[in-house]
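Heads up, the thing below is written out as structure tokens.
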Protein chains: 2
Amino acid sequence: MPYMADSPFKSISILYRKSHIWLNSGCAQYHLSAAQAVVILIVCDFGGLTQDEITKRLSLDKSVIAKTVTKLEETGFLIRTTNAKDKRTYDIRPTEKAWAVYPAVKEQVDESFRRMTHQMTDAEREEFKRLLLLAADASLALDE
Amino acid sequence: MPYMADSPFKSISILYRKSHIWLNSGCAQYHLSAAQAVVILIVCDFGGLTQDEITKRLSLDKSVIAKTVTKLEETGFLIRTTNAKDKRTYDIRPTEKAWAVYPAVKEQVDESFRRMTHQMTDAEREEFKRLLLLAADASLALDE
DNA sequence: TTTATATGGTGGCATGTGCCACTATATTCA
DNA sequence: TGAATATAGTGGCACATGCCACCATATAAA
């Protein structure tokens, strides 16, 4: 019998940590951590981004993205080239190796959402998704 | 203009990280981190718990709670005594210092939820809360 | 009762994340 | 143009968290 998660703050913590544990174990076979998987996902989704765009889209600290991208370059998932128009920034592009794992990573992320919502009706799941996006956008807007 | 957080997985990450940043800065005046604040909250809510109960209720790894409780004992917020019926476990009780910050900590946690849901209607906010609890409970149940 | 298994707690290690200081390059403005 | 300011990236540090190995105590099984 699971203990009741009785405050929304606590629920969010649990959802974050559990989904990352699931993604970590699901991506281990590709030698990727959850954090690395998320970066590969977004770079492939856009077919290439500047390092700064990745930072803004994931709204993580820029130093975090710098470290993750460095690692993914070393392991051959991403390629970094200096941006022609702004020498301060990098263009990040996926390699073949990244494209190869992309569908599986995407599926793992989707699967983790299905897991946490498996007892919801389709209508509840859609509403949950909508409210999550709404709250996340509101949280980002507060920092502007 | 904030970037769209376009997947529920990413939304949950953002909500978790932002709410912890808010709680960290809100609790800094009491020399408490967000993680410590959450432990104080649950110990005061129940007026005392065993260390193992805290672990299960927050569903964090037991070593994490051990470290946090050790720190909070050192800083005078909690008292640890060996449980009479089971010498392996500890009874954790709040001190006066913990009770003194408890209302403010509770308010900070509530405030963080209000922030992320400030543009929702009351009905949406209640529904969001309900779905968060539902998903968190489902996530915990999967590990049984 | 003795032995095997389960459970609560601790310490060590790795990773993720945030913050800060700093460097290099761009942009703005006087 | 030249100086002030803003922005992209890096490295260091601190803390949070998860996992694992291990120890001590309880509980179950023989």
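We name chains A, B, ... by the order of the sequence lines, and we start the count at 1 in each one. Just so it is clear, the structure is predicted and the values come from calculations on it, not from any experiment. Side chains included, hydrogens not; waters and symmetry mates left out as well; all remaining heavy atoms used.
- As judged by a 4.0 angstrom heavy-atom cut-off over every strand, A:T89 is placed among residues touching the sugar-phosphate backbone only.
- Side-chain atoms of A:R88 and base atoms of D:dT7 include a donor and an acceptor less than 3.5 Å apart.
- Not one side-chain nitrogen or oxygen of A:S63 sits closer than 4.0 Å to the OP1 or OP2 atom of D:dG11.
- Among the protein residues, A:K87 comes within range of the sugar-phosphate backbone only, with heavy atoms under 4.0 Å from sugar or phosphate atoms but none that close to a base.
- Residue contacts shown for B:D52 are limited to sugar-phosphate atoms, with no base heavy atom under 4.0 Å away.
- A residue-by-residue look at A:R17 and A:T50 shows that A:T50 has its nearest nucleotide of DNA chain D further toward the 5' end.
- Residue side chain B:K67 reaches the base of C:dG12 through a donor-acceptor N/O pair under 3.5 Å, judged by distance alone.
- In this structure, CG of A:L23 is placed 18 Å from P of D:dT17, rounded to the nearest angstrom.
- Residues A:L58 and A:L15 are members of separate hydrophobic clusters, defined by side-chain heavy-atom contacts under 4.5 angstrom among Ile, Leu, Val, Met, Phe, Trp and Tyr.
- Residue A:Y90 contributes atom OH, which lies 15 Å from atom C1' of D:dT7 at whole-angstrom precision.
- For C:dT10, the OP1/OP2 oxygens have a side-chain nitrogen or oxygen of B:Q51 closer than 4.0 Å.
- Rounded to whole Å, the distance from CD on B:Q36 to C1' on D:dC15 is 9 Å.
- C:dT17 atom P lies 15 Å from atom CG of B:L15, rounded to whole Å.
- When distances run from any side-chain atom of B:I21 to the nucleotides C:dT17, C:dC19, C:dT25, the shortest one goes to C:dC19.
- The separation between A:I14 atom CD1 and D:dT17 atom C1' is 14 Å, rounded to whole Å.
- For C:dG18, the OP1/OP2 oxygens have no side-chain nitrogen or oxygen of B:Y16 closer than 4.0 Å.
- Distance, B:E74 CD to C:dT10 P: 12 Å, rounded to whole Å.
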- Query: Going through the distances and angles, do B:H20 and A:F9 end up as a ring-ring contact (aromatic ring centres under 6.0 Å, His included)?
  - Reply: CA-CA 9 Å; B:H20 277 252; A:F9 187 92; 5.1 Å; yes
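- Taking atom CG of A:N83 as the reference point, atom P of C:dA24 lies 19 Å away to the nearest angstrom.
- Of the side-chain N and O atoms in A:R80, one or more sit less than 4.0 angstrom from OP1 or OP2 of D:dT10.
- Contact record, A:N83 with A:K85: OD1-N, 2.8 Å, taken as the closest heavy-atom pair.
- Among all heavy-atom pairs drawn from B:P94 and B:L78, the shortest one is CA-CD2, 4.0 Å.
- Within the structure, a side-chain polar atom (N or O) of A:K56 is placed less than 4.0 Å from OP1 or OP2 of D:dA8.
- Heavy-atom distances to DNA chain C give each of A:K71 and A:K85 a nearest nucleotide, and the one nearer the 5′ end belongs to A:K71.
- To the nearest 0.5 angstrom, A:T95 atom OG1 is 10.5 Å from A:E73 atom CD.
- Ranked by how close their nearest DNA chain D nucleotide is to the 5' end, A:K18 and A:A66 are led by A:A66.
- Rounded to an integer number of Å, the gap from A:D61 CG to D:dG9 P is 12 Å.
- When heavy atoms are screened at a 4.0 angstrom cut-off, B:I65 is found touching no nucleic acid atom at all.
- Using cut-offs of 30° and 60° on the angle between ring planes, the pair A:F128 and A:F113 is parallel.
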